[in-house]
Amino acid sequence: MRLSEVIAVLEEFYPPAWAESWDAVGLVCGDPDQEVGRVLFAVDPVAAVVDEALEWGADLVVTHHPLLLRGVTGVAATTPKGRLIHRMITNGVALYTAHTNADVADPGVSDALARAVGLSGPLHPMVPAALGDAEAAPGEGGGRGLGRIGELAEPITLAEFTARVAAGLPATAWGVRAAGDPGRTIRTVAVCGGAGDSLLDTARAAGVDVYLTADLRHHPASEFAEHDGPALVDAAHWATEWPWLADAERRLHAAFAGSGSAGRAQSWSSPHKQQALDVKTRVSTLVTDAWSLHYEGAK
């Protein structure tokens with residue numbers, strides 16, 4: 001199967017037009033006409049992931065985070081990013097990125113996070129997308145936009161919910177931490193995969209019991225807690241986005257297999273459904289979170 005065919009399917013679900021203006025998504029390196037037999041999904045385009053791709057024999061690496069988010073004037077092999085690009089091109093491995101366009105997709109990064117921590121019912125965006133001509137791809141959830149809000153099947157305490165998050169996400173040195181009364185009752189949950197402190201006020205206005213996200217800073221979190229709003233749960237950035245990889249993998253296979261999905265997706269017909277996905281796929285389990293050690297210190 002050609003790389004261009006795989007990209008066409010990915011862009012049906014995560015159109016580049018949905019990405020933020022500052023983002024860098026799409027094909028980073030690779031020939032659209034090259035053949036693809038193996039696809040590796042990963043959060044970060046880092047050396048360890050490229051090592052895995054080469055060892056497994058991947059022809060395409062699909063990552064959530066961009067490699068070249070900020071402008072560069074060269075990709076010489078004298079820099080880490082330059083070396084990575086040279087290794088991939090030399091070995092015939094393409095790199096493709098779906099970032100903020102996957103964040104707001106339906107389903108997207110936050111849908112996968114919500115399911116991973118036990119939200120099994122209907123979900124809706126914390127910040128619905130302003131829909132226009134770019135709203136072309138099918139949806140399986142409650143609509144496009146940032147973050148998701150849903151309910152647990154049964155109420156549990158904040159301590160229990162924090163433990164559920166830790167169990168539902170891959171383990172990292174960062175771990176999972178919470179702010180609030182451990183015995184507080186949790187039923188309505190807001191989640192945002194990746195750095196989500198920009199949605200703190202949105203979570204409070206939504207009246208949820210807890211807001212799960214990543215990269216919460218001291219001052220915004222401390223000031224938020226003073227307002228007697230939702231409890232906060234903070235997990236590792238990488239861990240909150242990792243569940244999306246399996247979802248993207250599943251949707252790629254479903255597009256070629258022609259399997260139906262619930263909701264609006266049932267009325268959508270993919271032009272690829274008559275083809276079989278004759279490539280192997282794999283989700284990387286390498287922990288590429290930036291933090292590798294954690295010590296609580298003396299009590």
Side-chain angles (χ1 to χ4, degrees), residues 3 6-7 10-11 13-32 39-54 58 60-105 108-110 113 127 129-130 134 144-147 172-174 192-200 213-220 234-242 244-245 248 284 286-292:
L3 173 60
V6 179
I7 290 176
L10 292 172
E11 293 189 350
F13 297 123
Y14 315 112
W18 293 354
E20 296 289 340
S21 60
W22 49 261
D23 204 1
V25 301
L27 186 62
V28 180
C29 66
D31 182 347
V39 181
L40 177 68
F41 290 84
V43 174
D44 297 301
V46 294
V49 168
V50 174
D51 289 342
E52 179 183 6
L54 296 181
L60 168 63
V61 177
V62 176
T63 64
H64 181 52
H65 290 151
L67 175 66
L68 303 173
L69 183 58
R70 295 175 176 82
V72 298
T73 57
V75 290
T78 54
T79 67
K81 292 185 178 183
R83 283 192 294 274
L84 189 148
I85 289 177
H86 276 263
R87 290 182 67 202
M88 297 190 79
I89 292 176
T90 299
N91 289 279
V93 181
L95 176 62
Y96 183 88
T97 297
H99 190 212
T100 54
N101 48 329
D103 287 338
V104 300
V109 172
S110 291
L113 173 59
V127 182
R144 290 206 300 111
L146 280 176
T172 63
W174 182 272
C192 180
D197 61 1
S198 65
L199 299 184
L200 284 170
T213 188
D215 294 346
L216 289 178
R217 295 171 293 157
H218 172 80
H219 292 296
D234 181 54
H237 188 122
W238 171 86
T240 63
E241 295 176 329
W242 184 83
W244 170 75
L245 303 179
S284 175
L286 287 174
V287 178
T288 56
D289 193 61
W291 309 104
S292 57

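Each residue takes its place number in the sequence, starting with 1. Remember, it's a predicted structure, so these values are computed and weren't measured experimentally.
Residues Trp174 and Asp289 are in side-chain contact: their nearest non-hydrogen atoms beyond the backbone lie under 4.5 Å apart. For the pair Val49 and Val61, the minimum side-chain heavy-atom distance is below 4.5 Å. Within the 4.5 Å cutoff, the side chain of Thr97 has no heavy atoms near those of the His65 side chain. Between Trp238 and Thr172 there is a side-chain heavy-atom pair separated by less than 4.5 Å. Between Leu95 and Val93 the shortest side-chain heavy-atom distance does not fall below 4.5 Å. Under the 4.5 Å side-chain criterion, counting only non-hydrogen atoms from C-beta, Val28 is in contact with Leu68. Using a 4.5 Å heavy-atom threshold, the side chains of Val50 and Leu54 count as touching. Tyr96 places a side-chain heavy atom less than 4.5 Å from the side chain of Ile7.
With sequence neighbours left out, Asp103 forms a side-chain hydrogen bond (donor to acceptor under 3.5 Å, both in side chains) with His64. Not counting sequence neighbours, Asp44 has no partner by the salt bridge (Lys or Arg N to Asp or Glu O under 4.0 Å) test. With sequence neighbours left out, Arg70 forms a side chain to side chain contact (heavy atoms under 4.5 Å, CB included) with no residue at all. Under the rule for a side-chain hydrogen bond (donor to acceptor under 3.5 Å, both in side chains), Asn91 has no partner lying at least two apart in sequence or in another chain. With sequence neighbours excluded, no residue forms a side-chain hydrogen bond (donor to acceptor under 3.5 Å, both in side chains) with Thr213. Residues satisfying the side-chain hydrogen bond (donor to acceptor under 3.5 Å, both in side chains) criterion with Ser284, sequence neighbours excluded, are Glu52. Legend: residues meeting side chain to side chain contact (heavy atoms under 4.5 Å, CB included) with Ala105, ordered by chain and number and at least two apart, are Tyr14, Trp18.
Expressed to the nearest 0.5 Å, how far CD1 of Ile85 lies from SG of Cys29 amounts to 6.0 Å.
Considering every non-hydrogen atom in both Ala214 and Ala235, the closest pair reads CB-O, 3.2 Å. Looking at every heavy atom in both residues, Ala47 comes nearest to Leu84 through N-CD1, 3.8 Å. Minimum interatomic distance between Ser110 and Gly147 (heavy atoms only, all atoms of both residues): OG-CA, 3.6 Å. Shown here for Leu216 and Asp234, the closest heavy-atom pair between the two residues is N-OD1, 3.1 Å. Thr100 and Ala19 make their closest contact through OG1-CA, 3.3 Å (heavy atoms, listed as atom of the first residue, atom of the second, distance). Residues Ala173 and Ser292 share a closest heavy-atom pair of CB-C, 3.5 Å.
Using modelled atom types, one finds no donor on one side chain facing an acceptor on the other under 3.5 Å when comparing Glu20 with His99.
Residue pairs satisfying the side-chain hydrogen bond (donor to acceptor under 3.5 Å, both in side chains) criterion with at least one member in residues 78-89, sequence neighbours excluded, are listed as follows: Asp51-Arg87.
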* Give the C-alpha distance, both sets of side-chain angles, the deciding distance and a yes or no for side chain to side chain contact (heavy atoms under 4.5 Å, CB included) between Leu40 and Leu60. => CA-CA 6 Å; Leu40 177 68; Leu60 168 63; over 6 Å; no
* Applying side chain to side chain contact (heavy atoms under 4.5 Å, CB included), run through Val287 and Trp242 and close with a yes or a no. => CA-CA 9 Å; Val287 178; Trp242 184 83; over 6 Å; no
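With hydrogens and angles disregarded, a donor-acceptor distance shorter than 3.5 Å links the side chain of Thr240 to the backbone of Gly194.
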